[in-house]
Protein chains: 2
Amino acid sequence: MELDDRKWTILKAIIQTYLETGEPVGSRTISKMPELNLSSATIRNEMSDLEEMGLIIQPHTSSGRIPSDKGYRLYVDRLMEEKEAEVSQMKQVMISRQDKMELLLKQIVRYLAVNTNYATMITSPQYHRTKLKFMQLSIVDEEQILATVVAEGNVVKNRIIHMEHGLNREQVLQLNILLNSRLNGLTIEQINLSTISKLKQEAGIQSDLISQVLDAVADAISQEEDVEVYTSGATNIFKYPELSADTDKASGLIHAFEEKHPLLSLMDNEGSEHAIKVSIGSELQNENMKDCSVVTASYDLGDGMYGRIGIVGPKRMDYDKVVGILKDLTGQLDEVYRNGDPDKQN
Amino acid sequence: MELDDRKWTILKAIIQTYLETGEPVGSRTISKMPELNLSSATIRNEMSDLEEMGLIIQPHTSSGRIPSDKGYRLYVDRLMEEKEAEVSQMKQVMISRQDKMELLLKQIVRYLAVNTNYATMITSPQYHRTKLKFMQLSIVDEEQILATVVAEGNVVKNRIIHMEHGLNREQVLQLNILLNSRLNGLTIEQINLSTISKLKQEAGIQSDLISQVLDAVADAISQEEDVEVYTSGATNIFKYPELSADTDKASGLIHAFEEKHPLLSLMDNEGSEHAIKVSIGSELQNENMKDCSVVTASYDLGDGMYGRIGIVGPKRMDYDKVVGILKDLTGQLDEVYRNGDPDKQN
DNA sequence: TGTTAGCACTCGGATTATTGGAGTGCTAAC
DNA sequence: GTTAGCACTCCAATAATCCGAGTGCTAACA
């Protein structure tokens with residue numbers, strides 16, 4: 001069967017009504033809409049067709065219809081197409097360059113939660129492709145050396161290195177020169193074991209001590225993926241009875257928001273070259289979230305720093321609004337962080 | 001009326017039974033206990049007395065009794081007395097010195113949540129009394145200077161300072177010497193405006209540029225109280241029907257766990273010189289938490305770094321266990337972080 | 001052939017009765 | 001001071017009832 005124009009209009013009407021009310025939609029409700037002038041009986045016939053096509057579902061005999069995952073999918077896909085060129089008019093968010101990246105992310109995620117009434121999350125930027133900018137070892141006291149690493153985008157990492165027998169100033173100075181001249185400009189990815197072992201050789205006779213330091217530095221740089229996830233508005237799910245009426249469900253969902261890894265995998269954007277991606281219900285492959293939809297977007301702060309933003313809500317999420325807000329936000333980030341400063345900035 | 005021995009025994013029995021079951025306790029249940037050999041009728045008389053004294057409450061006519069806030073209070077106070085000398089036997093937690101303080105705190109708060117089945121929280125250590133250990137300015141590029149500050153306890157702070165006209169190496173070197181010689185060993189608190197302005201004078205003629213740097217440094221050091229709060233196990237509240245049966249209540253509670261400031265004020269320990277403090281229901285002065293109890297404890301990592309840990313649960317919390325675990329935990333932290341340093345204690 | 005009115009039927013959700021049992025307070029006897 | 005006995009209360013769980021929104025189907029109509 002084919003989805004003709006009238007069927008599409010009806011499907012849209014059903015979904016939009018359901019988005020608003022959260023209640024199954026009956027034929028009568030649709031027939032009363034002015035834009036299509038049909039009796040409820042006709043609508044019923046069409047609905048029957050739509051159901052046969054798997055786009056809508058009847059929770060039980062003699063109830064109204066609700067969209068199926070497949071129905072949502074279709075709706076969202078078409079929506080995205082329409083949205084593609086559209087200009088949004090969200091009011092300007094207060095984004096300013098922050099020295100503290102963390103603070104900025106928290107602000108954003110909070111802003112989103114407040115403005116959408118859904119649960120939101122954001123990852124800290126990852127920066128594999130980031131280049132090393134500057135690096136410094138300093139003597140703190142006899143046994144401790146502070147290693148400071150600055151990467152593009154002014155991402156700063158510190159590491160205190162404990163040593164049984166400290167280095168003297170002379171040695172530290174040499175090391176600093178060596179490190180900076182050899183590693184500068186390399187991306188984090190490029191600094192791997194072979195680079196390090198080459199450096200060790202160059203360091204010459206003191207290599208015993210120095211290799212300790214280098215190991216620690218290498219460790220500090222390529223530090224285990226410390227992506228952070230910040231969340232906000234988890235309690236917004238209580239605003240949607242279909243998510244919170246059943247205490248167990250609500251509990252599982254909120255719980256899912258406490259765990260970092262499941263959240264990260266939600267925001268994975270593998271297999272999608274679109275910046276904005278919508279995953280619906282079962283597509284999420286997460287038992288706790290089977291009644292949810294997740295909209296994710298990439299943000300890019302320049303300098304190879306990019307991360308993901310996610311919004312979690314009920315399937316009857318206001319996709320239109322959410323996609324719009326995300327588009328605006330990522331656009332604004334772009335503007336602030338890469339505007340008129342084509343070389344680079346924090 | 002006086003709380004004689006028998007009344008106390010009965011009260012204890014009521015509270016303990018209620019802690020286990022969460023259901024109002026009837027006279028018959030108590031009378032069946034072997035340690036006191038009384039009929040239910042007698043118990044009823046005593047209960048009537050206890051109610052008159054405000055220690056227990058009858059949710060409605062002809063129901064069993066539950067402890068009142070006042071009752072809990074009495075119970076907890078006496079419990080703490082008994083507990084005072086007792087040795088606990090919790091199995092060793094894996095605590096090791098972490099370079100990343102954040103990670104340690106997250107581990108602890110998670111450990112607590114898992115082991116108590118309550119919601120838990122911990123503040124990052126505050127360190128007003130911490131002494132400055134080391135400090136370094138480095139030139140990153142023409143316009144940016146990196147300021148690194150190390151305090152006791154190896155707390156490291158970074159700050160990128162943007163300058164229109166950069167400093168040359170010579171100037172930076174001088175500044176480093178000046179800063180370290182003047183500020184070293186001072187506590188964060190001691191480095192206030194007057195110290196800074198004195199420094200500015202000493203810096204001499206280049207003071208224009210330099211004062212920019214100093215301002216930024218001062219700012220970085222005394223950075224707005226950036227106490228963090230980490231939480232875990234918020235969803236544990238779903239394990240207690242009296243907290244989660246009503247969706248609104250549960251929502252409010254979980255929501256309270258998303259906000260930093262309310263949590264901080266919960267963990268305030270003003271007015272209590274005890275390391276461990278129990279607040280019950282209305283004592284918390286927080287509408288969302290009126291059905292909860294909060295147990296808080298101080299931890300001390302030495303070097304003037306101390307913070308608070310909190311456990312939030314239903315009023316019928318297992319106070320005994322919670323207090324025990326907290327005692328153990330703070331003890332272990334003490335041991336690991338200040339071992340062989342017998343001068344001060346928590 | 002597509003649309004519509006009409007009608008019998010279904011089913012979930014809300015509301016109202018019904019019941020059982022745990023618990024109390026009181027009284028009188030030990 | 002303690003206890004047995006009894007009448008009474010009230011919640012919570014279960015069952016019974018009702019209501020209405022919504023459907024599918026059929027027959028008539030344009």
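All chains are named by letter (A, B, ...) in the order of the sequence lines, taking the proteins before the strands, and each is independently numbered beginning at 1.
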Side-chain atoms of residues 46-53 of chain B: list all donor-acceptor pairs with protein atoms under 3.5 Å, sequence neighbours left out, distances to 0.1 Å.
residue : atom : partner : partner atom : Å
E46(B)  : OE1  : K7(B)   : NZ           : 2.9
E46(B)  : OE2  : R6(B)   : NE           : 2.7
E46(B)  : OE2  : R6(B)   : NH2          : 2.5
D49(B)  : OD2  : K7(B)   : NZ           : 3.3
E51(B)  : OE1  : R65(B)  : NE           : 3.0
E51(B)  : OE1  : R65(B)  : NH2          : 2.8
E51(B)  : OE2  : Q58(B)  : N            : 3.4

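- Within a heavy-atom distance below 4.0 Å of DNA chain D, the residues of residues 19-46 of chain A found are G26(A), S27(A), R44(A).
- The pair R73(A)-D77(A) counts as a salt bridge, with a side-chain nitrogen and a carboxylate oxygen less than 4.0 angstrom apart.
- Counting to the nearest Å, the P atom of dC26(C) and the CE atom of M47(B) are 15 Å from each other.
- H255(B) places none of its side-chain heavy atoms less than 4.5 Å from the side chain of N288(B).
- Under the 3.5 Å distance criterion, the side-chain polar atoms of T116(A) are matched with a main-chain donor or acceptor of L112(A).
- The backbone N or O of N236(A) sits nowhere less than 3.5 Å from a side-chain atom of Y240(A) that would complete a donor-acceptor pair.
- Shown for residues 63-72 of chain A: residues whose heavy atoms fall under 4.0 angstrom of DNA chain D, namely S63(A), G64(A), R65(A).
- Panel note: side chain S68(A), backbone G54(A); a donor-acceptor pair is recorded below 3.5 Å.
- Atom CG of D318(A) sits about 9.0 Å away from atom CD of Q16(A), to the nearest 0.5 Å.
- With hydrogens and angles disregarded, no donor-acceptor distance shorter than 3.5 Å links the side chain of N286(A) to the backbone of L266(A).
- For the helix from dT1(C)-dA30(D) to dC30(C)-dG1(D), the rotation axes defined at the first and last 5 base pairs enclose an angle of 20°, given to the nearest 10°.
- D49(B) places its CG atom 14 Å from the C1' atom of dT2(D), with the value rounded to the nearest Å.
- No donor-acceptor pair closer than 3.5 Å links the side chain of Y75(B) to the backbone N or O of L11(B).
- At distances below 3.5 Å, not a single donor-acceptor pair connects side-chain atoms of N117(A) with backbone N or O atoms of K239(A).
- Near DNA chain C, meaning a heavy atom under 4.0 Å away, there are no residues from residues 9-16 of chain A.
- Of the possible donor and acceptor atoms, none in the side chain of K106(A) sits under 3.5 Å from a partner among the backbone N and O of S232(A).
- Looking only at distances, a side-chain donor or acceptor of E258(A) sits under 3.5 Å from a matching main-chain atom of A234(B).
- Proximity of a side-chain donor or acceptor of T120(A) to a complementary backbone N or O of V109(A) within less than 3.5 Å is detected.
- Salt bridge annotation for E259(B)-R110(A): present, with a cationic side-chain nitrogen under 4.0 angstrom from a carboxylate oxygen.
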Listing time: all N or O pairs from protein to nucleotides 9-12 of chain C that are below 3.5 Å?
residue : atom : partner : partner atom : Å
dT10(C) : O2   : S62(A)  : OG           : 2.7
dC11(C) : O4'  : S62(A)  : OG           : 3.3

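- No donor-acceptor distance shorter than 3.5 angstrom exists from the side chain of S251(B) to the backbone of T247(B), with no hydrogens or angles considered.
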